[in-house]
Amino acid sequence: MRIVLAEDSVLLRAGLTKLLTDAGFEVVAAVGDGPALLDAVAEHEPDLAVIDVRMPPTHTDEGIQAALVIRRVHPRVAVLVLSQYVEERYATDLLNSSTDAVGYLLKDRVAHVDDFLDALRRVAAGGTALDPEVVAQLLIRRRDDPRNRLTPREQEVLRLMAEGRSNAGIVDALRVSHSAVEKYVSSIFAKLDLQPTDTGHRRVLAVLKFLDG
């Protein structure tokens, strides 16, 4: 897998480059700002761009703006955004058009190397990877919420679904049977008036569209 990395911190950029290289990925460019990122993506057409939210010159939303340009101009390039904090508006902007081949993780998640690398692979394969804290913010955003129809266990399953986990992933996380997870998922879709689908990222898209109101 070919990756372009955008991170303004020299130390973190070097650390991520080494982590990704040691894991078997090819980092074709590692840059420190939005314009350099866009140039690198245009030149290399990577499989995945890993992008810091805050980069020079203003250190506000340069990474998100660059990510939105990449998704529009280079739709075949998957995008994984890294953020220091949960910034709901940025997550919403990123996910509004589609949740295919997109991720939004907190930088702390990088410390969980196996989970981070799994998220990279999932996004590059066309799926979704959302940080649990980001999902939690999206879930609590609405007060008048049909989720009130759901049982606590169904809400837990919904949260795991929105993080991008497959049924098998939910089985591992909750230590329940596959048949139990299938029943939870069917019940969730029924209660939320959503049509179930066997494709993981499509069901995440349905859930997030519902949450976005």
Side-chain angles (χ1 to χ4, degrees), residues 1-34 36-55 62-64 66-71 74-87 90-91 94-95 98-135 159-175 199-201 204:
M1 186 193 307
R2 301 168 69 251
I3 294 177
V4 165
L5 172 63
E7 166 60 57
D8 68 301
S9 167
V10 175
L11 289 177
L12 184 53
R13 186 165 70 240
L16 282 171
T17 298
K18 185 177 188 308
L19 186 156
L20 295 172
T21 301
D22 289 349
F25 300 102
E26 180 185 1
V27 179
V28 295
V31 301
D33 59 59
L37 165 63
L38 295 178
D39 288 345
V41 169
E43 177 182 353
H44 297 285
E45 285 287 338
D47 302 298
L48 174 69
V50 179
I51 306 169
D52 182 19
V53 166
R54 299 173 183 265
M55 291 190 291
E62 284 83 0
I64 284 291
L68 295 175
V69 172
I70 291 168
R71 286 174 67 72
H74 305 279
R76 294 183 180 179
V77 178
V79 170
L80 177 64
V81 170
L82 298 176
S83 179
Q84 190 69 42
Y85 311 103
V86 177
E87 303 185 75
Y90 296 157
L94 187 65
L95 297 166
S98 169
T99 59
D100 293 357
V102 65
Y104 189 108
L105 298 179
L106 296 184
K107 287 186 177 180
D108 287 348
R109 202 64 54 190
V110 177
H112 304 279
V113 175
D114 289 342
D115 290 343
F116 176 61
L117 296 178
D118 178 65
L120 285 177
R121 295 185 181 98
R122 189 160 69 243
V123 170
T128 306
L130 298 181
D131 195 279
E133 292 189 36
V134 174
V135 173
R159 183 168 62 253
L160 292 171
M161 287 167 56
E163 289 173 18
R165 293 180 185 263
S166 64
N167 280 10
I170 297 172
V171 167
D172 292 340
L174 299 183
R175 299 187 181 279
T199 306
H201 65 270
V204 174

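The first residue in the sequence is number 1, and the count goes up from there. Quick note: numbers below take in every heavy atom, side chains included, and nothing from hydrogens, waters or symmetry partners.
V110 is not listed as a side-chain neighbour of L12, based on a closest heavy-atom distance of 4.5 Å or more. Inter-residue side-chain proximity for D33 and D8 is flagged as unmet; no heavy-atom pair is nearer than 4.5 Å. Side-chain atoms of V123 and V79, non-hydrogen and from C-beta on, never get closer than 4.5 Å to each other. Annotation: side chain of L20 is in contact with side chain of L117 (closest heavy-atom distance under 4.5 Å). Taking the side chain as every heavy atom from C-beta outward, Q84 and V53 never approach each other to under 4.5 Å. In this structure, F25 and D47 have side chains that are not in contact, with every pair of non-hydrogen atoms separated by 4.5 Å or more.
When L82, D108, L106 are each tested for a side chain to side chain contact (heavy atoms under 4.5 Å, CB included) with D131, only one passes: L106.
With rounding to the nearest 0.5 Å, the separation of CE in M1 from CD in E26 is 11.5 Å. Note that the CG atom of L48 and the CG atom of L80 stand 6.0 Å from one another [nearest 0.5 Å]. Taking CD1 of I51 as the start and CG of L5 as the end, the distance is 9.5 Å to the nearest 0.5 Å.
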Given D52 and K107, is the salt bridge (Lys or Arg N to Asp or Glu O under 4.0 Å) satisfied, shown in steps?
CA-CA 9 Å; D52 182 19; K107 287 186 177 180; 3.2 Å; yes

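Side chain of R165 to backbone of I170: no donor-acceptor contact under 3.5 angstrom is found.
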